[in-house]
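The block underneath contains the structure these notes are about, expressed in structure tokens.
Keep in mind the model is a prediction, meaning the values are calculated, not measured. Quick note: numbers below take in every heavy atom, side chains included, and nothing from hydrogens, waters or symmetry partners. Note that ligands are numbered from 1 as they come in the structure, with each ligand's atoms numbered from 1 the same way.
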Amino acid sequence: MTRIAFIGLGNMGGGMAANQARARREVMAFDLVAAAVEKAVAAGCRAAGSAAAAVKDADVVITMLPAGQHVRKVYAEDVLPNAQPGALMIDCSTIDVESARAVAAQVKAAGFRFADAPVSGGQAGAEAGTLAFMVGCDEADFPAVEEIIRPMARAVIRAGDHGAGQAAKICNNMVLGASMIAVCEAFALAEKLGLDPERFFEIASNSSGQCWSLTSYCPWPGPVPSAPSNRNYEGGFATAMMLKDLKLAQEAAAKAGAATPLGAQAEGLYALFDRLGGGAKDFSAILELFRGKAP
Ligand code: NAD
């Protein structure tokens with residue numbers, strides 16, 4: 001039986017680890033938050049007392065952590081000194097391209113295989129096992145990476161070599177941030193014009209305004225029952241996380257000399273919403289900014 005160490009059991013990692021357990025893999029689960037580990041155990045994983053203990057006998061290590069600094073630290077201090085020879089390491093967090101390449105180099109220098117494999121699809125996709133994975137790895141390692149990822153995925157696409165998965169992810173999330181703002185502005189305007197928001201949803205979702213932010217993650221409560229707008233914007237994908245991704249995109253754009261004016265606007269608006277107190281809410285709560293409501 002494949003033995004997987006799963007480190008980071010938050011909004012995303014919790015559902016992903018549960019899907020690995022459901023696929024009859026032995027999952028050693030660890031998070032700094034005890035309640036997250038308990039939830040994973042209830043879903044069929046085994047509790048590990050530390051990240052080091054989780055990786056000790058693992059064939060595969062999967063990490064799902066907040067940002068680059070967490071990933072660098074966990075690999076340097078916990079994973080690499082304790083992993084068994086031949087282990088495959090897959091980082092699914094969204095982090096900066098430089099950190100992904102630096103961690104990949106360290107992992108390879110220590111004799112292990114590595115993939116950066118950030119995801120799209122939100123908490124609902126993590127729970128349902130329908131995430132899209134964007135993978136940066138050596139071509140020869142991709143079949144093994146894909147086989148491990150499969151129980152968590154709707155799609156697994158190799159973006160290129162190490163770091164390419166993260167590049168794809170920040171470009172995708174720049175589209176997402178800008179499109180969510182556009183959808184929220186449109187709902188706020190529709191409301192001001194006296195148009196029933198539910199009618200607007202029905203019309204736009206059958207017209208050229210159709211997009212994922214509207215039809216899969218509607219910021220207006222009601223039309224899409226699984227969307228965080230129906231639970232007071234709790235859970236889902238935090239504004240602070242979206243802001244992190246938009247900053248990563250702007251940093252990468254500045255370094256690459258790319259013009260991304262809408263991405264810059266989106267970063268500014270999410271920074272404002274964060275400063276107003278919306279950081280912990282799902283990113284679709286930015287609707288409140290355009291409706292003139294406090295977060
Ligand atoms: P989260 O904050 O809910 O979960 C992160 C978890 O990592 C927390 O439970 C935290 O306790 C744990 N953690 C931090 N440091 C640790 C350490 N040293 N050892 C063990 N555990 C540690 O965040 P999330 O929403 O699950 O997002 C995780 C990653 O996935 C982020 O990089 C995010 O950008 C990305 N992502 C999130 C979504 C989403 O919709 N939430 C979608 C796609 C990608």
Side-chain angles (χ1 to χ4, degrees), residues 5-19 28-40 45 47-55 61-80 82 90-97 99-100 103 116-128 130-134 149 152-155 165-166 168-177 180 212-213 216-217 226-229 231 233-249 270 279-285:
F6 208 113
I7 303 170
L9 307 163
N11 289 331
M12 298 296 290
M16 292 162 69
N19 282 318
M28 299 298 296
F30 178 70
D31 194 290
L32 297 175
V33 177
V37 178
E38 281 161 27
K39 220 170 148 189
C45 302
S50 64
V55 303
V61 177
I62 301 179
T63 44
M64 192 51 165
L65 298 164
Q69 79 247 32
H70 307 93
V71 175
R72 284 180 186 257
K73 189 166 184 289
V74 165
Y75 278 86
E77 293 177 10
D78 302 314
V79 176
L80 293 179
N82 295 291
I90 305 174
D91 178 42
C92 299
S93 328
T94 302
I95 66 173
D96 58 289
V97 176
S99 289
V103 171
D116 49 291
V119 306
S120 173
Q123 193 178 355
E127 282 163 12
T130 55
L131 295 170
F133 284 76
M134 317 159 202
I149 285 175
M152 310 184 286
R154 163 176 60 78
Q166 297 297 349
K169 173 66 186 175
I170 58 175
C171 291
N172 179 77
N173 274 24
M174 195 172 72
V175 175
L176 178 62
M180 181 55 79
W212 190 90
S213 292
S216 295
Y217 214 86
S226 62
S229 53
R231 26 178 222 273
Y233 304 99
E234 279 164 17
F237 183 41
T239 287
M241 290 278 192
M242 172 52 89
L243 181 56
K244 179 195 83 170
D245 292 358
L246 291 169
K247 281 185 197 291
L248 291 177
Y270 273 106
K281 290 197 166 193
D282 179 76
F283 79 111
S284 63

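- At the shortest separation from atom 41 (N) of ligand 1 among protein heavy atoms lies G236 O, 3.1 Å.
- The single protein non-hydrogen atom nearest to atom 4 (O) of ligand 1 is G10 CA, 3.3 Å, given as residue, atom name and distance.
- Remark: the backbone N or O of F283 is paired with a side-chain donor or acceptor of Y270 at under 3.5 angstrom.
- Using modelled atom types, no side-chain atom of R72 and backbone atom of A67 make a donor-acceptor pair closer than 3.5 Å.
- Which parts of ligand 1 touch S93 is read off a 4.0 Å heavy-atom cut-off, strictly below it: atoms 32 (O).
- Judged by distance alone, the side chain of T130 and the main-chain N or O of R154 form no donor-acceptor pair under 3.5 Å.
- The closest donor-acceptor contact from the side chain of D116 to the backbone of Q166 lies under 3.5 Å.
- Of all atoms in ligand 1, listed by their number and element, those nearer than 4.0 Å to a heavy atom of V33 are 11 (O).
- Here CE of M28 is found 9.0 Å from OG of S50. Values are rounded to the nearest 0.5 Å.
- Although no hydrogens or angles enter the test, the distance criterion places no donor-acceptor pair under 3.5 Å between the side chain of N11 and the main chain of Q123.
- Scanning V71, L32, D31 for the heavy atom closest to atom 11 (O) of ligand 1 points to D31.
- Close N/O approach between L65 and ligand 1 is found [any backbone or side-chain N/O within under 3.5 Å].
- Between N11 and ligand 1, at least one N/O pair is under 3.5 Å apart.
- Atoms of ligand 1 lying under 4.0 Å from at least one heavy atom of F30, given by number and element, are 19 (N), 20 (C).
- Residue G122 places a heavy atom less than 4.0 Å from ligand 1.
- When hydrogens are left out, the protein atom nearest atom 40 (O) of ligand 1 is F237 CB, 3.1 Å; that is the closest non-hydrogen contact.
- A donor-acceptor pair is defined here as one N or O able to donate and one able to accept, closer than 3.5 Å; no such pair exists between the side chain of D282 and the backbone of E234.
- Distance check, rounded to the nearest 0.5 Å: OH of Y75 to CG of L80 gives 8.5 Å.
- Inter-residue side-chain proximity for I7 and V55 is flagged as met; some heavy-atom pair is nearer than 4.5 Å.
- Counting heavy atoms under 4.0 Å from ligand 1, residue I7 touches it through the side chain alone.
- Ligand 1 places these atoms under 4.0 Å from at least one heavy atom of M241: 2 (O), 23 (O), 27 (O), 31 (C), 33 (C), 34 (O).
- Although no hydrogens or angles enter the test, the distance criterion places a donor-acceptor pair under 3.5 Å between the side chain of K244 and the main chain of T94.
- Between the side chain of N82 and the backbone N or O of D78 there is at least one donor-acceptor pair closer than 3.5 Å.
- Of all the atoms in ligand 1, the ones that sit under 4.0 Å from a non-hydrogen atom of T94 are 32 (O), 34 (O), 35 (C), 44 (C).
- Considering only non-hydrogen protein atoms, atom 34 (O) of ligand 1 sits nearest to K244 NZ, 3.1 Å.
- Proximity of M12 to ligand 1, defined as any heavy-atom pair under 4.0 Å, is shared by backbone and side chain alike.
- Residue contacts with ligand 1: K73 is excluded, as none of its non-hydrogen atoms falls under 4.0 Å.
- For ligand 1 and V74, the ligand atoms under 4.0 Å from any heavy atom of the residue are 17 (C), 18 (N).
- Looking at heavy atoms from C-beta onward, Y217 lies in side-chain contact with P228 at the 4.5 angstrom threshold.
- Contacts between K169 and ligand 1, counted as non-hydrogen atom pairs separated by less than 4.0 Å, involve the side chain only.
- Residue, atom and distance of the protein heavy atom nearest to atom 43 (C) of ligand 1 are V119 O, 3.4 Å.
- Judged by distance alone, the side chain of N173 and the main-chain N or O of L246 form no donor-acceptor pair under 3.5 Å.
- At the top of the distance list for atom 30 (O) of ligand 1, counting protein heavy atoms only, stands M64 CE, 3.1 Å.
- For atom 32 (O) of ligand 1, the choice among A132, P66, A240 with the nearest heavy atom turns out to be P66.
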